[in-house]
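Presented below is the structure to which this report refers.
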2 protein chains.
Amino acid sequence: MSENVELSPVDLDILRLLQNDARITNKDLAAAVGIAPSTCLDRVARLRDTGVITGQHASVDAAKLGRPLEAFLFVQVRPHRRPLVDPFIEHLLSLPEVRAVYHLTGPDDFLAHVATSSAGELQRLVLDELTARDEVARVHTNLVFQHWSGGPLLPPGT
Amino acid sequence: MSENVELSPVDLDILRLLQNDARITNKDLAAAVGIAPSTCLDRVARLRDTGVITGQHASVDAAKLGRPLEAFLFVQVRPHRRPLVDPFIEHLLSLPEVRAVYHLTGPDDFLAHVATSSAGELQRLVLDELTARDEVARVHTNLVFQHWSGGPLLPPGT
DNA sequence: TATGAAAGCCTTTGGGG
DNA sequence: CCCCAAAGGCTTTCATA
């Protein structure tokens, strides 16, 4: 788990491929990067053990789950102290509509990415789960038209 | 790929488990949700075919890749028209530092989540890749102290 | 839509270069 | 650090209800 891990070009190829498809078979992965399957297994295990690979997750379409309306909530928490901040984060993360939370520098302290079923539910979220709390000084809401996301590595072949 | 997909409680359990660990074996997944392995394979295939599951990706630690400094860039693009907007998005997505791009309502049109090696590289990104372009009216930069993220479903057991 | 059984392939381990 | 080879387990298919 040390912060500095040496990554060979082969490791980077493996990461790129697993980032694009976490369920590629070890055999195919080995063939794609040009090493033996057993070697590949070793390398992937090492990438996991050193914390370079932190997990593998299926991506689920929020809209298909009945939450087609996404938004960013910019939240100012005052006073900005641990005894208030830590429970606030816990609260955010316990909400099923919350997809991600970021603690930021700048005038707004937190950014919450949420997916809701409707404008009404979004309003409820803001009024009942955020501004109703004493430590929440203000909330700005921006809707998400569209988004693109990926891992920290460009896909293979670029 | 229709927008409305009926999801049984078993489907939701499957989604939760795959969201948490995309490499769980089909056998274990079937046992966890209480159906036969062959049935489970069918259900997962259906979830894929209907677009509920859109992919499966290994999570890679950006810091371990040498990009420990994350930030959000709020970008105003003027004039806000397709002939300018579409190439701008393409440009953002082609940058290796960019992890996600959001097209938003509000005074700032785009939000880019970036991971950089240093403050110097972040500065270069802002000056050379963003404000150097005619259509970029302004950029606000906020650093990310910490972030938490997950899929649109709460984990199993909550 | 769900199941069980069988065939084949993949993962995984251990020895060796 | 890499590879080969073998054993065991898993995936996947298909007939059946």
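Atom set for the values below is all heavy atoms of this structure, side chains included, hydrogens, waters and symmetry mates excluded. Owing to the predicted nature of the structure, the values given are computational and were not obtained by experimental measurement. Every chain is numbered from 1 and lettered A, B, ... according to where its sequence line falls, protein lines coming before strand lines.
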Practice task
Nearest whole angstrom, please: distance from the P of D:dC2 to the CD1 of A:I14.
Solution key: 9 Å
Exercise for the section: Determine, for B:R46 against B:D49, whether the closest basic-nitrogen to carboxylate-oxygen distance falls under 4.0 angstrom. Expected result: no
Handout entry: Candidate nucleotides D:dT12, C:dT12, D:dC2, ranked by approach to the side chain of A:R43 - the nearest
Key = D:dC2
Practice task
Report yes or no: do A:S8 and A:D11 form a side-chain donor-acceptor pair below 3.5 Å?
Solution key: yes
Practice task
Measure from the side-chain heavy atoms of A:K27 and tell me the nearest of D:dT12, C:dC10, C:dT1.
Solution key: C:dC10
Handout entry: Any donor-acceptor pair under 3.5 Å from B:N142 side chain to B:F72 backbone
Key = no
Problem - Candidate nucleotides C:dT1, C:dT12, D:dT12, ranked by approach to the side chain of B:N26 - the nearest - result: D:dT12
Exercise for the section: Measure the acute angle between the ring planes of A:F110 and A:H103, then classify it against the limits of 30° and 60° as parallel, tilted or perpendicular. Expected result: parallel
Practice task
Assign A:R23 to base, sugar-phosphate, or nothing according to its heavy-atom contacts below 4.0 angstrom with the strands shown.
Solution key: nothing
Problem - Whole angstrom value for the distance that separates C1' of D:dG9 from CG of B:D28 - result: 11 Å
Fill in the blank from the handout: Residues at least two apart in sequence or cross-chain that pass salt bridge (Lys or Arg N to Asp or Glu O under 4.0 Å) with A:R81, listed by chain then number, are none
Handout entry: Residues, nucleotides or ligands: over 12 heavy atoms within 6.0 Å of A:D134 CG
Key = no
Fill in the blank from the handout: 5'-most contact on DNA chain D (nearest-nucleotide basis), B:L41 vs A:R46, goes to A:R46
Handout entry: Integer-rounded Å distance: C:dG17 C1' and A:D42 CG
Key = 15 Å
Any protein N or O atoms within reach of nucleotides 4-7 of chain D? Criterion: under 3.5 Å, listing atom names and distances.
unit_1: D:dC4; atom_1: N4; unit_2: A:S38; atom_2: OG; d: 2.6

Problem - Between B:H140 and B:F74, ring centroids under 6.0 Å - result: no
Problem - Test item: A:R99 side-chain N/O and A:A62 main-chain N/O as donor-acceptor pair under 3.5 Å - result: no
Fill in the blank from the handout: Of all heavy-atom pairs linking B:P87 and B:R133, the shortest is O-NH2, 4.1 Å
Practice task
Just report the end-to-end axis angle for the helix from C:dT1-D:dA17 to C:dG17-D:dC1, five pairs per end, to 10 degrees.
Solution key: 30°
